[in-house]
Each structure stands twice: as C-alpha cells, then as structure tokens.
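Quick notes on the structure that follows.
Order of appearance sets the numbers: ligands from 1, and atoms from 1 within every ligand.
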Amino acid sequence: MKKNRKPYFSVPAAAYEGPQSRNPLAFRHYNPQESFDGKTLEEHMRFSIAYWHAFRGTGADPFGPGPIVRPWEAGRDPVSVAKVRMDAAFEFFTKIRAPFWAFHDRDIAPEGKTLAESNRNLAAIVAHAKQLQKATGVKLLWGTANLFSNPRYMCGASTNPDAHVFAYAAAQVKKAMEATVELGGENYVFWGGREGYQTLLNTNLKREQDHLAAFLHMAVDYAKEIGFKGQFLIEPKPKEPTKHQYDFDVASGIAFLRTYGLEKHFKFNIETNHATLAGHSFQHEIEVAASAKALGSIDANAGDLLLGWDTDQFNTDVKELTLAMVSILKAGGLGSGGFNFDAKLRRESIDAEDLFIAHIGGMDAYALAFKTARTILKEGKFEQFVADRYASFDSGYGKEIEKKKVGFAELEKLVLGKLGEPKPRSGKQEYLENLLNTYLH
Ligand code: XLS
Ligand code: NI
Ligand code: NI
C-alpha cells in the first residue's frame, strides 16, 4: 500500500446527484447516507463488489481471450501483481462507495505448485487485504473457495469419485474459511460449480450427495473450531458447468439440507441468473427461501433469456428488482447478507470507466427498487388483496383446516350440507399487474 501514489482510476468517486442527473458517473437514486426507518440506505443495501468479475474478469469467452486489459496487471511475480491489483480494487471499492467486497481464494492469490505454496500466497495476500480493509473501512461480505477451475476438480470437489480430491478440497476450504475469519467475513459461501454430473452412466448419485453432505458437516464442525460466527450460505444453480448441479434451486437445496440434518447451519445466496436458468423468477427463489426462513444473501445480476447461460450481467430491470425487493423486505431483509454484484462487464466494454458505469447503474436500480418496494408495502394494497383472498381460512372451518382440527369426513359433511358449491372468485391478475405499473411509471 503506497501512500500518495497516482490513483489507479482517473474516474472520480461516485457522488449522489439525484434523479434529475444525467451524469453517467453519478448516482441518481443511491444516496448512501439517506435514512429510511432509522437506517441509512448504505446499511439497508449492503452492496458488495465481486473480486472475480471486477478484478479478474478479462472478457475471455470460449471463443477467444479477453480484450479487457488493466495497466496494473503487468509486473514482476504473481504475488506482487496480486497486491497491486488489490490496491486498485480497494481504490475502486471506495470510489464506488461499496461497503463490502467478496472473493474466492484463487481470485485474490495465485495458486502455487503445491498446496503449501498456495497457502503461503493466500496468507500474504490476506495480510495485505487486512491492511486495506483497515485503511478504507471496506468490509468482507463473504469468502469462498474456488473448487471448480483447477483441472483436479474436473469431476467435482466433494462429489469427486476420488477420495484424494475430496481431501484436497477439504484442505482448500479449511484455508479459505480461515482467511474469511481473518478478514472478518460475515458469511461463507458454497457454490458447487462442479458438484453434479455430466452423465449418470459414470455417476453414483446417492454416494455423491452423501459426500457433499459430509463435506458440509465438516465445514460446520471446523467453523466451531476456529470461531467462525458468520452465516454459511448455499448458492443454488441448476447447471453450468455441469449438466446437473445438486444444489439445483432453493427448493432442492432445502430438501438436501433437511435430508442431511444441515438446515440449522445454512441459508441461501440467491443469484438472479441462476434462478432463471432453473426456470424460476428471481422473486420465486426469494419467496421459497423466505418461506423456509433461509433467505441469506443475493448475488445481484441478470441473465439474457435469449442466450441461456450464466451471462452475469448488471441488472437494470427495475420491475424485476422491485418485485424481488418487496419479497425481501416482507421477509425482514437480508440480515448478515447483502447485494453482491456477481456481474461482469460485457466483453466489448473495455474501458475502466465502464466498471464504474456498470456498478453505478446496478446500485441505482436496486436503490430505486428498494424505495418503490417500501412505498408499495406502506400502502399495502397488494398485501391487503392477498390477505382478502385467503380470508376464508381466518375463521370457521377454514381456520380449523389450518389448525388440523378437521378431516375429510367433517368437510364432506359440510359440503353435502350447508356449503354446497363454491362460488368462483376472480384472481384479478391484470388488475394487479396494472396496479404494479402505477408504482413504476
Ligand atoms: C457462478 C457463481 C459463482 C459464485 C461463487 O455461477 O455465481 O460466481 O457466486 O463461487
Ligand atoms: Ni454467484
Ligand atoms: Ni453465477
């Protein structure tokens, strides 16, 4: 960390200029210090920058190398380049006014020839990050281990058919958890990129799921050992890179956790693009997690329905985000989670300025959605509509159904007797969609 050096970015710190502003480098809706219900917007949103995209993304795709080149990437040895890169990253976090960041072990520190060397590299960079966190006040939302890039994990990490690879993954997660504790991380994430299969012809599905559960139990035990008090999060995704991933979506994640007695220890990190890949809406995944009291954090991004893979774009769809935000606020917020921009620049967006524009647009869209969702909930029209729709369960035999006090025989008697045929009632979807638009335009 050198003092008084030239900044890495010529772009100034992002300022709030209000909704009338047309400055692409200023916030129109995200005013971090604005207060809502006794908390600042910064405290409500808990925005986080994903190190892997913002500082390791080059725009590479399966058809060619990345055209995004940053000046600080050239240097002597990989560890000193990693330190300079991290200096640039913390300058960015500060200028973009994100209070949090998130990392994979291998994004921040280069992998060595042996695990011992990788561990040494990681320790050196974690020490550097600790100083930068102290100097800037930026905090760690979550840490995780990259158990998917290295070819050793090609057939999975904890679900690998080879116990040797399982052991290696365990050793790697042990260190990543220690790094997360060292940096005061508030959560630890498991995204099982290769924890699935390409073909059932070579796969013992039951054994692999048992192994994944054993691995997660080891993490829970180790957290106690090292005093990690943060929240464990599962990040579901249905596929990519595997054809089938075991943490397919929130619902299958809940079933998995309950099957293996892990539900007390895990919540969900929901990613918009993963939800749509699973054939769900973002809001659906939030509602399913909230109904199990397992809503943990958000990987904030968007997919492109015409492309059909995890394109990790910045989300500027205020309607989608407003619906999501209504569900998040109704669930009581994200607790120790936050909105982590697991989003990357398009391959063609090669300017350093684009990194600012992208995050500013994303933060603004979420902030606007937050404000609109608050108004929607304050007015309570949708909630009232839904409450009325289920009102028949609030008293009489409806209440007894919910309390499990009646059975088929009693209900049959009622229907044959005074109840007779139910009277259909409109679902009023079009009315509700139009009502939603009155808040958006
Ligand atoms: C990939 C995932 C990944 C996780 C962290 O699709 O979104 O980036 O968030 O391992
Ligand atoms: Ni993600
Ligand atoms: Ni993803």
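Within the 2.8 Å limit, D310 places at least one N, O or S atom next to the Ni ion (ligand 3). Within the coordination shell of the Ni ion (ligand 2), defined by N, O or S atoms under 2.8 Å, D312 is absent.
For the Ni ion (ligand 2), the nearest N, O or S atom contributed by E235 is named OE2. Atom OD2 is the N/O/S atom of D299 found closest to the Ni ion (ligand 2). When you scan the N, O or S atoms of E271 for the one nearest the Ni ion (ligand 3), you land on OE2. The name of the N, O or S atom in D342 nearest to the Ni ion (ligand 2) is OD2.
Here K175 pairs with E178 in a salt bridge; the nearest charged N to carboxylate O distance falls below 4.0 Å.
Heavy-atom contacts of H274 reach the following atoms of ligand 1: 1 (C), 2 (C), 6 (O), 7 (O) (cutoff under 4.0 Å). Below 4.0 Å from some heavy atom of D299 lie the following atoms of ligand 1, by number and element: 9 (O).
In this structure, R152 is positioned above the aromatic face of Y168, its NZ or CZ under 6.0 Å from the six-membered ring centre and within 45° of the axis. For the pair R106 and F103, the cation-pi criterion (under 6.0 Å, within 45° of the ring axis) is not fulfilled.
Looking at ligand 1, you'll find an N or O of E271 within less than 3.5 Å of one of its N or O atoms. For ligand 1, the polar-atom distance check finds an N/O of E235 within less than 3.5 Å of one of the ligand's N/O atoms.
Residue contacts with ligand 1 for E240 are absent, since no atom lies close enough (heavy atoms, distance under 4.0 Å).
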